[in-house]
Protein chains: 2
Amino acid sequence: MKIGQATIKDIARELNISSSTVSRALKDYPGISDETKRKVKEVAEKLNYRPNAIALSLRKSRSFTIGVIIPEVVHFFFSTVISGIEEVASSRGYNVILSQTNESFAREKSSIDTMLSNQIDGFLVSFSKETTEFDHFSKLLDQSYPIVFFDRVPNIPNAISVMVDDYQGAYKATSHLISQGYTKISHLVGPPTLAISRERERGYRDSLANHGIQIYPELIIECAYGTSDEGFKVTEALLKNGKTFPDAIFANNDMAAVGAMLACRSMGIKVPDDIGIVGFSNWQFCSMIEPSLTSVSQPGFKIGETATQMLLDMIEKKLDPDSITAPIVLETELLVRKSSVK
Amino acid sequence: MKIGQATIKDIARELNISSSTVSRALKDYPGISDETKRKVKEVAEKLNYRPNAIALSLRKSRSFTIGVIIPEVVHFFFSTVISGIEEVASSRGYNVILSQTNESFAREKSSIDTMLSNQIDGFLVSFSKETTEFDHFSKLLDQSYPIVFFDRVPNIPNAISVMVDDYQGAYKATSHLISQGYTKISHLVGPPTLAISRERERGYRDSLANHGIQIYPELIIECAYGTSDEGFKVTEALLKNGKTFPDAIFANNDMAAVGAMLACRSMGIKVPDDIGIVGFSNWQFCSMIEPSLTSVSQPGFKIGETATQMLLDMIEKKLDPDSITAPIVLETELLVRKSSVK
DNA sequence: ACTTTTATTGCAATCGTTTGCGTTGACGAT
DNA sequence: ATCGTCAACGCAAACGATTGCAATAAAAGT
């Protein structure tokens, strides 16, 4: 804030009227003469007056700011969500303050603390991989502090959440592989702390079961970091030393899928002929690589939009949290590309 | 902000002392007895007291918040910069409020307005492609409002900026292609409104000139949106109808480079044998595609860090803006991969 | 000429915190 | 008995804007 910014008092002094009148004139309150309004607006213009939102916040106990807690910004899915959040928030006159936790629990808690100090009107949260205990959220929910969780959602009472149908996405992906004639399908599982990982695994298992295909536990491998390096190593190990040699890989995220693809290539295994591969998230690069990667696309932008709409509605009391009993679940779409088509 | 949050007054009432004493006790001011300090802190803990940063902002005329204006969030480079910004800001106790302009000039101006209303302490700006007139920034600079521009920097007096050595990056990329034996090198140019586009083109031209290689103006093609679709179309047109058939393409960004690569493939032209390709920015997918894409990497995280450090130093008067006369220029690195090696 | 209405504006409190200055009482020194 | 010193704390203004409740004067009604 620059000193010397004109305030309502400056306008009042200039016109020899009270600051109450100025305030009302600027807001076109009834009971202020047109003449005064005109003058006030004129002087406001002249002095380049800009209302002080901080003062307003203090007075109204509302900051018109929402806080976004996110694991990392440099991530296609999350940055897409942010984009949706920002869009809705700014169109409804709210600011967005952002904090990334880098998957750290401690950082998550401290971010929440400083945001609370800053009197934000509500939270949009996707928690960190380290977070296994949700007291810091429960406390806020108990005070009926508005929070909407997205993507990574906790299983605690009264939590409002917006998520993707991970189960359905994984089910579709696996079924697609089956329909292509693959039968020994490996699954690279995400961090078990996240419900999305468990849901995807469940979709994978159910699809196999419903198609009467045998489940090989040794083909289900944890791949918690979700980097392409990890995907590479895990796949390499699987192909070299695994008890059962897979003919397809369904990775819980695209980075891991690419790692798997690179591992196959490095071992002279052909994709999709020898091994079919499907990823999850539909990062931009999916259509750019060779062979292009089949992936489950998540409506990131829409998640951001929906979650923000709900949060703002709650803040503005247009939406009763108690009326929402189940998570909002958005559909996924399977984008079939070359990596999984024989 | 939830009503019912304990304030300093609540603590004061509980202990029958004045709020001044509470304030001072909490801050360990001298002149307050240890006994009182102990009690105050105890009650603060009990009431779950959290200082109201808004009130503090009003009092101090400082919000401890910086505003980031960015063209788009879903962009590898920019999201990486944000990450660097967030890191430094939060470690120094500042909040980050974010606004994306979606490359719109109007949006840029209105974002700045609302941020000013919110009394932010300073700006970090990368302006939109539509922005060709910089009065809205000049006015602020004249009031010595702290602003640091990054990546896309304006040519106006007193502007502090942090950028990448685009010239050098383009020069290195072009020289590399030349060293590989390519001679008819096409350049996909970025939006001419941005200095970074012009600098990259200059580096390209100078490299050719210094190596005594002919410049074909018809091989220099504008590719303003920088999408892979645009890169595809432009390249296809060039290869089909161009007066001169290129043997290499240096794209001003990676997306366009991928588009070019796909266009080559669709026409049966081999990369890198028939045509070498180099991109700019080093998006994550560069090493994941086949052939992997040679690219100029920009230190996005470092740009964010540096710009934020400078901004906060200016805000805290540790840095005199007048002492910075030239832009801070960070080095690029050419990452040679398969797409440009014969 | 009186009261009543109406239009226009001002006063002062409020939001939560900080801070310069004043107050109070205890204590020792003269 | 008087004074100065010191520790410990309270008063009140300030930051900028909003708002319920007067207040004032002019216009209207009787």
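The chains referred to below are lettered A, B, ... by the order of the sequence lines, with proteins before strands, and numbering in each begins at 1.
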Answer yes or no: does a side-chain N or O of [X] lie under 4.0 Å from OP1 or OP2 of [N]?
X: B:S33; N: D:dC9; result: yes
X: B:K60; N: D:dA14; result: no
X: B:T21; N: D:dG10; result: yes
X: A:Y49; N: D:dA17; result: yes
X: A:S61; N: C:dC15; result: no
X: A:S23; N: D:dG16; result: no
X: A:S18; N: C:dG10; result: yes
X: B:Y29; N: C:dT19; result: yes

Between [atom2] of [N] and [atom1] of [X], the distance in whole Å:
X: B:I32; N: D:dA7; atom1: CD1; atom2: P; result: 12 Å
X: B:Q5; N: C:dT17; atom1: CD; atom2: P; result: 9 Å
X: A:I8; N: C:dT9; atom1: CD1; atom2: C1'; result: 15 Å
X: A:I54; N: D:dT18; atom1: CD1; atom2: C1'; result: 16 Å
X: B:L15; N: D:dG10; atom1: CG; atom2: C1'; result: 15 Å
X: B:N52; N: C:dT14; atom1: CG; atom2: P; result: 17 Å
X: B:K39; N: D:dA8; atom1: NZ; atom2: C1'; result: 13 Å
X: A:R50; N: D:dA17; atom1: CZ; atom2: P; result: 12 Å

Looking at the side chain of A:S20, which of D:dC15, C:dT17, C:dG10 is the nearest nucleotide? C:dG10

Where the side chain of A:I17 is defined as all heavy atoms beyond and including C-beta, which of C:dG10, C:dT14, D:dC15 is the nearest nucleotide? C:dG10

N/O donor-acceptor pair under 3.5 Å between A:R152 side chain and A:S126 backbone: no

Any donor-acceptor pair under 3.5 Å from A:K318 side chain to A:L312 backbone: no

Sole residue of A:I32, A:T21, A:L15, A:I8 in side-chain contact (heavy atoms from CB on, under 4.5 Å) with A:V40: A:L15

For a quick check of understanding: with a heavy-atom distance under 4.0 Å over all strands, which category does B:K9 fall into, base, sugar-phosphate or nothing? base

Would you indicate what A:N16 reaches in the nucleic acid, counting non-hydrogen atoms under 4.0 angstrom: base, sugar-phosphate, or nothing? sugar-phosphate

Anything under 30° is parallel, anything over 60° is perpendicular, the rest tilted; go ahead and classify B:H136 against B:F105. perpendicular

Residues passing the salt bridge (Lys or Arg N to Asp or Glu O under 4.0 Å) test with B:E86, sequence neighbours excluded, are A:R107

Can you find a donor-acceptor pair, distance only, under 3.5 Å between A:R24 side chain and D:dG20 base? yes

Quick check on side-chain hydrogen bond (donor to acceptor under 3.5 Å, both in side chains): which of A:E103, A:K109, A:E108 does A:T131 satisfy it with? A:E108

